[in-house]
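Right, one structure below, let's go through it.
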Amino acid sequence: MKIWVNGEIKNFEENLTVYNLVEEIGVASKKFAVECNGEIIPKSSLKDTLVKEGDKFEIVGAVGGG
Amino acid sequence: MKLSEQLVVDSTSDKFIVGSREFNSRLLVGTGKYKNFKETKEAITESGAEIVTVAIRRTNIGQNAGEPSLIDFIAPSDFTYLPNTAGCFNAEDSIRTLRLARELLDGHNLVKLEVLGDKETLYPNVIETIEAAKVLVKDGFEVMVYTSDDPIVAKMLEDIGCVAIMPLASLIGSGMGILNPWNLEIIIKNSSVPVIVDAGVGTASDASIAMELGCDGVLMNTAIAEAKNPIMMAGAMRKAVEAGREAYLAGRMNKKLYQADPSSPTSGLIK
């Protein structure tokens, strides 16, 4: 299935949880927050939420800023 | 703090209270524009700041995912993070950004709201700022808000429930210093929440002047990060904020216009 992650189209197998997704892209061990189609997915729900075709994810972290 | 409180405060018990939190340092610093994270950490440590601003951005994905990140150097357990909405030009984007920040930082609710008006001046869009502040305060955030030096807007933001009002001294990153001390004084006089000069400080004397005016704190990034020696400048800013605060608490002498007043006795001179 095709999904959007931080503005890029990515291809993944079906039956992927959002937690699997953040593991796949290498941020699971970092501080991050996930938004899917404009809604925040709480950390406690990452393993129970399935990724669907066409989902648009924003995955963010903290960076230097003023 | 109002003038009437000055005489009963000594500088050692002078706590800086923002919303539900208490701090000792009145210098707040940004974490952007440094050469590397090591320099960021050294400068921030030297500044003595307890509150550090951070931006919220898309993470690296794929091959760059393992790169060191700010959090590895500036631990959220050692500093109070103040996530900002830099780069947001409307209320909706800034609200969305701060909700993500709260999730990212495990429910942390102290935030810096800034809604910008245009890319040239980064001047705040106060209409969008007010809209965003209403939503965020209702949603349980403690909002420290970047705004113009308009006293009426400052009061409106306080009335909405913002925990600190943060007027610019001059344009973000300009280093032009305090352009309108008179407006800042009106804002300070009318505010019952902390007033923090945010943006425009260029060098140590600017920070001292802000504190002497009665500001409760100063927030800066570029003045330290773009100094030739950022770590030395961080120390200079720490001292400048402390000196300005103590001078304010001590209460300056009255100005005597066009009239000198000798400090040595006028009698007993040799003839």
Side-chain angles (χ1 to χ4, degrees), chain A, chain B residues 28-34 36-37 40 44 52-76 81-87 92 96-97 99-107 112 114 122 146 172-173 198-199 219-225:
Chain A
M1 67 182 161
K2 283 199 172 76
I3 59 168
W4 293 80
V5 182
N6 288 355
E8 292 176 30
I9 296 181
K10 298 271 177 187
N11 247 315
F12 286 98
E13 300 290 317
E14 301 287 327
N15 283 324
L16 185 80
T17 68
V18 179
Y19 188 77
N20 297 145
L21 171 65
V22 293
E23 275 187 319
E24 289 279 334
I25 61 170
V27 299
S29 62
K30 306 239 163 199
K31 278 254 182 221
F32 64 91
V34 184
E35 191 191 68
C36 177
N37 304 327
E39 296 288 326
I40 288 173
I41 304 182
K43 287 191 187 81
S44 55
S45 308
L46 295 177
K47 288 182 176 166
D48 309 327
T49 309
L50 280 176
V51 176
K52 299 185 303 296
E53 172 82 31
D55 276 350
K56 285 199 167 95
F57 287 93
E58 292 288 344
I59 303 174
V60 300
V63 302
Chain B
L28 298 77
V29 296
T31 55
K33 296 183 174 171
Y34 288 97
N36 50 49
F37 290 132
T40 314
I44 287 170
V52 299
T53 62
V54 298
I56 304 300
R57 291 291 180 273
R58 286 172 165 173
T59 57
N60 285 327
I61 57 176
Q63 65 210 51
N64 295 327
E67 274 182 353
S69 63
L70 179 75
I71 282 180
D72 301 331
F73 288 79
I74 309 291
Y81 266 38
L82 187 65
N84 69 25
T85 61
E92 189 190 341
R96 203 173 147 203
T97 299
R99 285 180 173 155
L100 276 166
R102 181 169 61 182
E103 172 61 22
L104 172 76
L105 297 169
D106 308 311
K112 171 178 164 178
E114 56 181 306
L122 301 180
Y146 170 65
I172 292 174
D198 178 7
L219 197 166
M220 65 180 75
N221 191 153
T222 312
I224 297 175

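Note that the structure is predicted; figures quoted are calculated from it, not measured. By convention in this document, chain letters (A, B, ...) are assigned in the order of the sequence lines, proteins followed by strands, and residues within each chain are numbered from 1.
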(request) Might you confirm whether atom CG of A:N15 has over 12 heavy atoms from other residues, nucleotides or ligands at distances under 6.0 Å? (result) no
(request) Counting only heavy atoms closer than 4.5 Å, note whether B:I56 contacts chain A via side chain, backbone, both or neither. (result) both
(message) If the test is salt bridge (Lys or Arg N to Asp or Glu O under 4.0 Å), which one of B:R99, B:R102, B:R96 qualifies with A:E35?
(response) B:R96
(message) Only pairs of heavy atoms separated by less than 4.5 Å count here; which of A:G65, A:A62, A:G64, A:G66 has the most with chain B?
(response) A:G65
(message) Report which part of B:Y81 has an atom under 4.5 Å of a heavy atom belonging to chain A: side chain, backbone, both, or neither.
(response) side chain
(message) When you measure from the side chain of B:N84 to the backbone of B:T53, do you find a donor-acceptor pair of N or O atoms at a distance under 3.5 Å?
(response) no
(request) Tell me, for B:D198 versus chain A, whether the close heavy atoms (under 4.5 Å) come from the side chain, the backbone, both or neither. (result) neither
(message) Given heavy-atom pairs under 4.5 angstrom as the criterion, report whether the side chain, backbone, both or neither of B:K112 touches chain A.
(response) side chain
(message) Check this for me: does any side-chain nitrogen of one of B:R58 and A:E58 sit under 4.0 Å from a carboxylate oxygen of the other?
(response) yes
(request) Decide yes or no for B:F73 and B:T31: does some side-chain heavy atom of the first lie under 4.5 Å from some side-chain heavy atom of the second? (result) no
(request) Considering only heavy atoms and a distance below 4.5 Å, find which of A:V22, A:I40, A:I41 pairs most often with chain B. (result) A:I40
(request) Examine whether an atom of A:E24 lies under 4.5 Å from a heavy atom of chain B, and if so say whether it belongs to the side chain, the backbone or both; otherwise answer neither. (result) neither
(request) With A:F12 as reference, evaluate A:N20, A:I25, A:V51 under the side chain to side chain contact (heavy atoms under 4.5 Å, CB included) test and give the passing residue. (result) A:I25
